[in-house]
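The chain is numbered in sequence order, starting from 1. All ligand and atom numbering here is 1-based and tracks the order in the structure.
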Amino acid sequence: MPLLEIRDMTVGYGRIEALHGISLSVEDGELVTLIGANGAGKTTTMRAISGIRPLTSGSIIFDGQDITRMKAHLRVVAGIVQAPEGRGVFPGMTVQENLDMGHYARKFESKTAYQETLDQVFERFPRLGERRSQVGGTLSGGEQQMVAIGRALMARPRVLLLDEPSMGLAPMVIQSIFKIITEINKTGTTILLVEQNAQQALSRSSRAYILETGEVVKTGPGPELLADPAIKEAYLGVA
Ligand code: ATP
């Protein structure tokens, strides 16, 4: 049984239907990527999974439970955690305070459990440990992305949702963010990733789905899709 399963999901904005019945699944431990052009419906898919956008029809099953109508904050407690869209770092708050915001879903846990999670995040992102007292707004783009991912990790996700973590970053920084994403996955966190950077994302994914104008048009192992001539032409700028 997949950890996360989307069945025939339709989502709209007013009268405009953005997703026309998409189905996808993520197995426990996988790194699955959603690739698509602007406006294909990637962000809408993430919003529906995290509970920000309601479904018109279809269902979302998480760990065997139908969560289609579950409130967003309860999904976080259940383990579905999205790193903030567009980084979403609180600019006037320190790194430490930003990370603490991610821990609200685990506030029932002991101080020791909190400290353990924080230590793990600083281990994953030593740079954030060094800068824990610096305010978010003065960090570089790459560091802000680390804070966004670190904040999500503070909620101890069972599935981590990442919407274009490479957006607006320099090529070298993109490399290191993808490396970190792969490491987070290898140490046991299931990841659903939305990316326009198809080369990096596909080469690192167990599986991927190609989304075009609100429909899944292709799916397969990441490296296999990377070798597909039609995908190369459409998403990698290779004719
Ligand atoms: P991008 O990479 O540009 O973010 P995307 O694949 O994430 O694209 P979505 O943002 O999910 O695509 O958009 C899917 C469709 O829904 C588009 O046609 C878009 O215009 C529409 N849409 C998205 N957000 C809204 C909104 N708040 N109100 C109305 N229509 C919206």
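With ligand atoms numbered from 1 in the order given, ligand 1 contributes 5 (P), 6 (O), 12 (O) to contacts under 4.0 Å with heavy atoms of A40. The ligand atoms of ligand 1 that sit less than 4.0 angstrom from a heavy atom of T43 are 4 (O), 5 (P), 7 (O), 10 (O), 11 (O). Close approach of ligand 1 to E164 is summarised as follows: ligand atoms under 4.0 Å from at least one heavy atom of the residue are 2 (O). Residue contact check: T44 has heavy atoms under 4.0 Å from atoms 9 (P), 11 (O), 13 (O), 14 (C) of ligand 1. For ligand 1, the atoms closer than 4.0 angstrom to any heavy atom of A37 are 6 (O). Per-residue contacts place Q196 under 4.0 angstrom from the following atoms of ligand 1 (heavy atoms of the residue considered): 2 (O).
For the atom pair CD of Q145 and CD1 of I174, the computed distance is 10.5 Å after rounding to the nearest 0.5 Å. Between the CG atom in L192 and the CZ atom in R207 there is a gap of 10.0 Å [rounded to 0.5 Å]. Taking OG1 of T219 as the start and CG of L24 as the end, the distance is 8.0 Å to the nearest 0.5 Å.
Looking at T43 and D163, their side chains do bring a donor and an acceptor atom within 3.5 Å of each other. With hydrogens and angles left out, the side-chain atoms of R156 and T117 include a donor and acceptor closer than 3.5 Å.
Not a single heavy atom of M46 sits less than 4.0 Å from an atom of ligand 1. In this structure, G41 has a heavy atom closer than 4.0 Å to ligand 1.
The shortest contact between atom 31 (C) of ligand 1 and any protein heavy atom is with Y13 CD1, 3.3 Å. Scanning all protein heavy atoms for the shortest distance to atom 3 (O) of ligand 1 gives N38 OD1, 3.2 Å. Protein heavy atom nearest atom 2 (O) of ligand 1, with residue, atom name and distance: K42 NZ, 3.0 Å.
When G36, G39, A18 are ranked by how near their heavy atoms come to atom 17 (C) of ligand 1, first place goes to G39.
In terms of heavy atoms, A48 sits closest to M9 at CB-SD, 3.7 Å.
Cluster annotation: I191 is not connected to V76 through the hydrophobic network of ILVMFWY side chains, with a link wherever side-chain heavy atoms come within less than 4.5 Å. Criterion: ILVMFWY side-chain heavy atoms under 4.5 Å apart, direct or through other members. Under it, Y104 and F90 are not part of a common hydrophobic cluster.
Counting only heavy atoms, the protein never gets under 4.0 Å from atom 19 (C) of ligand 1.
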Step-by-step side chain to side chain donor-acceptor pair (under 3.5 Å) determination, E17 to T10 | CA-CA 7 Å; E17 193 176 274; T10 307; 4.9 Å; no
